[in-house]
Number of protein chains: 2
Amino acid sequence: MNALLRDANPPLTRSVEDYLKVIYHLSNQGGFAATSDIAAMLEVAPPSVSGMVKRLSETGLIEHVPYRGVQLTAQGRRAALKMIRRHRILELYLTQHLGYDWGGVHAEAEQLEHAVSDELVERMASTLGHPLYDPHGDPIPTAAGEIEEAELVPLADAAVGLKLELRQVGTQDSARLHYLAEQGLTPGVLLTVSERQPFNGPTTIALVPSGDRRVVGRELAQLLWCREVPVDGYGAAAR
Amino acid sequence: MNALLRDANPPLTRSVEDYLKVIYHLSNQGGFAATSDIAAMLEVAPPSVSGMVKRLSETGLIEHVPYRGVQLTAQGRRAALKMIRRHRILELYLTQHLGYDWGGVHAEAEQLEHAVSDELVERMASTLGHPLYDPHGDPIPTAAGEIEEAELVPLADAAVGLKLELRQVGTQDSARLHYLAEQGLTPGVLLTVSERQPFNGPTTIALVPSGDRRVVGRELAQLLWCREVPVDGYGAAAR
DNA sequence: TAATATGATTAGGCTATACTAATCAGATTA
DNA sequence: TAATCTGATTAGTATAGCCTAATCATATTA
C-alpha cells in the first residue's frame, strides 16, 4: 500500500485520544497540564508522557512549554471534546437502553468511545432525544464541539440558606456513586445548605421539597457541584 | 508496573482476534488456511502473516505446518467463535435498535467487536431475546462456543422443484446486499427452483407463498445458501 | 547565594505489528 | 530428472506505544 494513497488525515489512535482527554480535564481553566499529573491520570510513567507530548506537539494538537506543561490547541480541543461527547452519550445510552447503572457505566464507555463511528454516536444521540447532560449531570458537548460552561460551586463551599440544584458529581468511583444514589443525591435534585460544621466538618443539607436531611462529609461535599437556583422560581412554597 | 502483577491471561489484541476469525472462516471444513489467503483477507503482506503465525502457534492458538497452512486449536477456535458471536449480536442489535441497514452494519460491528465487554454482549443478547441468527441468517454461536453447523446448499446447486428456505447470504458487500433486499431475498424466505439455464446460466425461482418469480445470475446464486424444507410442513397448500 | 528537593527530560531498550527485498521449498511442466 | 514457477519464509527495518535509569532545570530553603 503506497503511503501517498492513504488517508492524509489519519484517525487518532486510542492512546492519543486518551491523552487529549486528560489534558482537557487538567487544563480546564486555561492553565497548563503538568506532565506528572497526566502520567498519574493515565497510570503511565512520566517519560511516556514526555514522549507522547513530543508527538502531539509535532502534529499540532497541543502546545508544549518545557518544564511548564501543555495546553490544547484549537484542533486538540476539538478532538478532546469529540471524545468527551462520545463518552457521555455512550454512558447515557448504556444506562437508559441497556440497564447499566450509574457506577458501572464508565469503564464500558471508556473502551467503546474509541471504537464507535460518528454515525453510531449520532444515532444513539437521536434515539436519546439529543440529550444535554449525561447520567452524572455533566454537559454533553455538541457535535460542533461546543460545551456548556456552567458556574458551579462545590457543596462544600456553598453559602448556608441558598437554594441549589445538584448538577454534577465529580467522580467516577463506583462505591461513592452508589452511596450518593442511595442518599438520593443525583443530578437534578434541589436542596439547601442548612448548616455547616467548622474546621472542614460535615455539611448538613435539606432536600427540596421533601425537607429530608442529609449530612455530607467534607470529601463528598467537594464532589457535589451545584448551581444556584433563583428563589422566585419553582418550589419556593415548599420551604 | 511489575510484570508479575499484570493479568496472567491478558486479553487478545485486536489484530490477533482478526487473524483467528479469518483462519476460522478459511479452514472451516477441517482444512488448512493458506498464508496467502489469510494475507489477502486481512489485506496485509504475506510476511506479516508468517510473523503472526509464529506468535499464534507459540501461544497455542493455532497449529502450523510450514508451507502447508494453519488450523485452529481448540483454544483458538473458542476465541474465534467468541468474536463471531460478538460480531453477529452486534450486527443484529445495530439493525434492530439503532436503525442500521443490512448493508451498512458490518463495518461498524467489525470495529465494535474488539471493544465491547462480555457483559455488554450478553445485555444486548438478552435485549434481543437471545437470538439464534444474525441479519444475514448466519447462526450466532452460544456463549459457551457452540455453533449450529447447518447443511446448506448454494441456490446455484439446488435441485429444481425442491422447497427451500433461504438461510444465509454469503457476502458482506453492501451493493449486493441492497439488491438482494430489494428482490425480497433475505434469510427466512421460502422458495422453489423452477428452472435453471445450462452452462452456468441463471436460476429462475418462485417465491413461496406469493409465487413471484426472480431470475438470479450465477454469481449471486452461489451466495444464497439454502436449507431443504420438508414438504409436509408449513406452506404446502400454497403451492 | 548555595544546596537541595522536585519534577521533566533524555538515553537506551522492549514488544507488537507492519513493511520490502531476498531466499527457500514444493509442485508442475518440459 | 531438470528447470521453472508459485507461494512461504527469513532477514532486516520502521513506528507507536511502553518501560527504567540517568540527567537536567527550576523552585525552595538554608
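Keep in mind that what you see is a predicted model, and the values were worked out from it rather than measured. In what follows, chains carry the letters A, B, and so on, assigned in the order in which the sequence lines appear, proteins first and then strands, with residues in each chain numbered from 1. Note: hydrogens, waters and symmetry copies are ignored here, and every other heavy atom, side chains too, is used.
Listed nucleotides dT17(C), dT9(D), dA21(D) differ in distance to Pro47(A); the shortest reach to its side chain belongs to dA21(D). If you check dA8(C), dT17(C), dA25(C) against the side chain of Tyr67(A), the one that comes closest is dA8(C). Residue Val44(B) has its side chain nearest to dC19(C) when only dC19(C), dT9(D), dC19(D) are considered.
For the pair Leu56(B) CG and dT17(C) C1', the interatomic distance rounds to 12 Å; values are reported in whole Å. If you measure from atom CZ of Arg14(B) to atom C1' of dA18(C), you get 14 Å, rounded to the nearest angstrom. Atom P of nucleotide dC19(C) and atom CD of Glu43(B) are separated by 10 Å, given to the nearest angstrom. Rounded to an integer number of Å, the gap from Phe32(B) CZ to dG26(C) P is 14 Å. A straight line from CG of Leu42(A) to P of dC18(D) spans 8 Å, rounded to a whole angstrom.
Backbone-only contact: Ser36(A) has heavy atoms under 4.0 Å from sugar-phosphate atoms and none from a base. Ser48(B) comes within contact range of at least one nucleobase, with a heavy-atom separation under 4.0 Å. Across all strands shown, Val49(A) has no heavy atoms under 4.0 Å from either base or sugar-phosphate atoms.
Rounded to the nearest 0.5 angstrom, His136(B) NE2 and His106(B) NE2 are separated by 8.0 Å. Rounding to the nearest 0.5 Å places CE of Met83(A) at 4.0 Å from CD of Glu17(A).
A cation-pi arrangement is found for Arg123(A) relative to Tyr100(B), the charged atom lying closer than 6.0 Å to the ring centre and inside a 45° cone about the ring normal. Annotation: cation-pi geometry satisfied between Arg167(B) and Tyr133(B) (NZ/CZ under 6.0 angstrom from ring centroid, within 45° of ring axis).
The number of heavy-atom neighbours closer than 6.0 Å to NZ of Lys82(B), taken from other residues, nucleotides and ligands shown, is 12 or below.
Between Ser15(A) and dA16(D), a side-chain N or O to OP1/OP2 separation shorter than 4.0 Å is absent. Contact annotation: Arg55(B) does not reach the phosphate of dA16(C) (side-chain N/O to OP1 or OP2, under 4.0 Å). Side-chain nitrogen and oxygen atoms of His64(B) include at least one within less than 4.0 Å of the OP1 or OP2 phosphate oxygen of dT9(D). The phosphate of dT10(D) (OP1 or OP2) has no side-chain N or O of Ser50(B) nearer than 4.0 angstrom. Listed pair Lys54(A) / dT9(C) fails the phosphate criterion, with no side-chain N or O lying under 4.0 Å from OP1 or OP2.
Heavy-atom distances to DNA chain D give each of Met52(A) and Arg68(A) a nearest nucleotide, and the one nearer the 5′ end belongs to Met52(A). Between Gly69(B) and Tyr19(A), it is Gly69(B) whose nearest contact on DNA chain D lies nearer the 5' terminus.
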